[in-house]
Amino acid sequence: MSEGSDPIPGYALPMNQTRGRVIGLIAVALVAAGCAQDTADRAKRQVVEQFVAEQAPALEPEMRRVIVRSSLAAERRHGVDALLLVAVAERESHFRPTVRSDRGARGLMQVRPETGADVAARHGIPWSGPDDLDDPRSGIPIAAAYLAELEATFGDLHLALAAYHRGPTRIRRIVARGGTVRSRYAERVLKRVGELEQRLAGA
């Protein structure tokens with residue numbers, strides 16, 4: 001039998017040849033999976049880039065690129081969808097990296113400095129002070145880690161977003177007494193995420 005030909009019925013391939021074929025099939029499957037993942041990653045990047053460009057046309061191109069890169073990197077590290085992160089950024093700051101609220105929240109993702117410091121310490125994110133929240137390269141991963149914590153705490157993305165917006169203590173009290181949490185903020189963010197997912201599906 002020539003090497004690489006189909007085995008004759010009733011003929012057992014030598015162990016090393018069988019192992020070689022199995023390893024070859026696994027390698028092909030891994031390559032195919034990697035190609036599929038690369039295609040999905042490129043499609044998501046394209047959707048995020050397009051969305052940020054649409055919503056923040058006056059923002060410098062380099063800052064838009066920083067936002068896109070930071071959102072995708074935060075997704076990989078903290079498991080929070082980049083589509084969700086940019087939807088939150090749109091709702092919180094309209095993509096203005098240095099905006100500040102009257103309650104002290106700062107940056108693109110509108111995180112309070114005390115929250116940012118705590119989250120950064122828990123997740124090993126470099127922190128040199130409140131000004132870090134004005135830089136999407138640190139503000140976005142901090143917000144992503146915080147959202148991941150909230151979703152793990154409440155077990156529900158709608159509640160996690162409500163807690164992100166209104167504070168976890170308030171939402172925890174409502175849940176503890178059996179109340180229903182209604183959040184237009186969460187509804188709007190999730191609606192935007194749904195729209196972006198539709199774009200991604202068509203990409």
Parallel, tilted or perpendicular: which describes the rings of His78 and His123, with under 30° parallel and over 60° perpendicular?
perpendicular
Can you label the angle between the His165 ring and the Tyr185 ring as parallel, tilted or perpendicular, going by 30° and 60°?
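Aromatic pair His165/Tyr185 classed parallel.
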Is the number of heavy atoms from other residues, nucleotides or ligands under 6.0 Å of [X] [atom1] greater than 12?
X: Arg122; atom1: CZ; value: yes
X: Glu60; atom1: CD; value: no
X: Gln46; atom1: CD; value: no

What is the minimum heavy-atom distance between [X] and [Y], and which atoms define it?
X: Ala120; Y: Ile142; result: CB-CD1, 4.2 Å
X: Ala143; Y: Tyr164; result: CB-OH, 3.6 Å
X: Val193; Y: Ala87; result: CG2-CB, 3.8 Å
X: Ala162; Y: Val181; result: CB-CG1, 3.8 Å
X: Met109; Y: Glu92; result: O-CG, 3.9 Å
X: Leu196; Y: Leu83; result: CD1-O, 3.8 Å

To the nearest 0.5 Å, what is the distance between [atom1] on [X] and [atom2] on [Y]?
X: Asp134; Y: Arg106; atom1: CG; atom2: CZ; result: 4.0 Å
X: Leu159; Y: Ser183; atom1: CG; atom2: OG; result: 9.0 Å
X: Arg91; Y: Leu190; atom1: CZ; atom2: CG; result: 11.0 Å
X: Asp156; Y: Leu161; atom1: CG; atom2: CG; result: 9.0 Å
X: Phe95; Y: Phe51; atom1: CZ; atom2: CZ; result: 5.0 Å
X: Asp118; Y: Trp127; atom1: CG; atom2: CH2; result: 9.0 Å

Any donor-acceptor N/O pair, [X] side chain to [Y] backbone, under 3.5 Å:
X: Gln110; Y: Val99; value: yes
X: Ser71; Y: Leu85; value: no
X: Arg137; Y: Ser70; value: no
X: Thr115; Y: Val111; value: no
X: Ser93; Y: Leu108; value: yes

Salt bridge check: are [X] and [Y] linked by an N-O gap of less than 4.0 Å?
X: Glu54; Y: Arg199; value: yes
X: Glu187; Y: Arg192; value: no
X: Arg65; Y: Glu49; value: no

Heavy-atom side-chain proximity of [X] to [Y] below 4.5 angstrom:
X: Val86; Y: Glu90; result: no
X: Leu59; Y: Ile67; result: yes
X: Pro168; Y: Tyr146; result: yes

Could you give me the CA-CA distance, side-chain angles and deciding distance for Val80 and Glu151, then say whether side-chain contact (heavy atoms from CB on, under 4.5 Å) is met?
CA-CA 10 Å; Val80 177; Glu151 188 170 8; 5.7 Å; no
Steps toward side-chain contact (heavy atoms from CB on, under 4.5 Å) verdict (Ile140, Glu75)
CA-CA 10 Å; Ile140 290 176; Glu75 175 180 312; over 6 Å; no
Taking it one step at a time, do Asp135 and Asp131 satisfy side-chain contact (heavy atoms from CB on, under 4.5 Å)?
CA-CA 7 Å; Asp135 185 345; Asp131 287 348; over 6 Å; no
Dump the intermediate steps for side-chain contact (heavy atoms from CB on, under 4.5 Å) on Arg69 and Val66, then the final yes or no.
CA-CA 5 Å; Arg69 287 196 300 265; Val66 167; 3.6 Å; yes
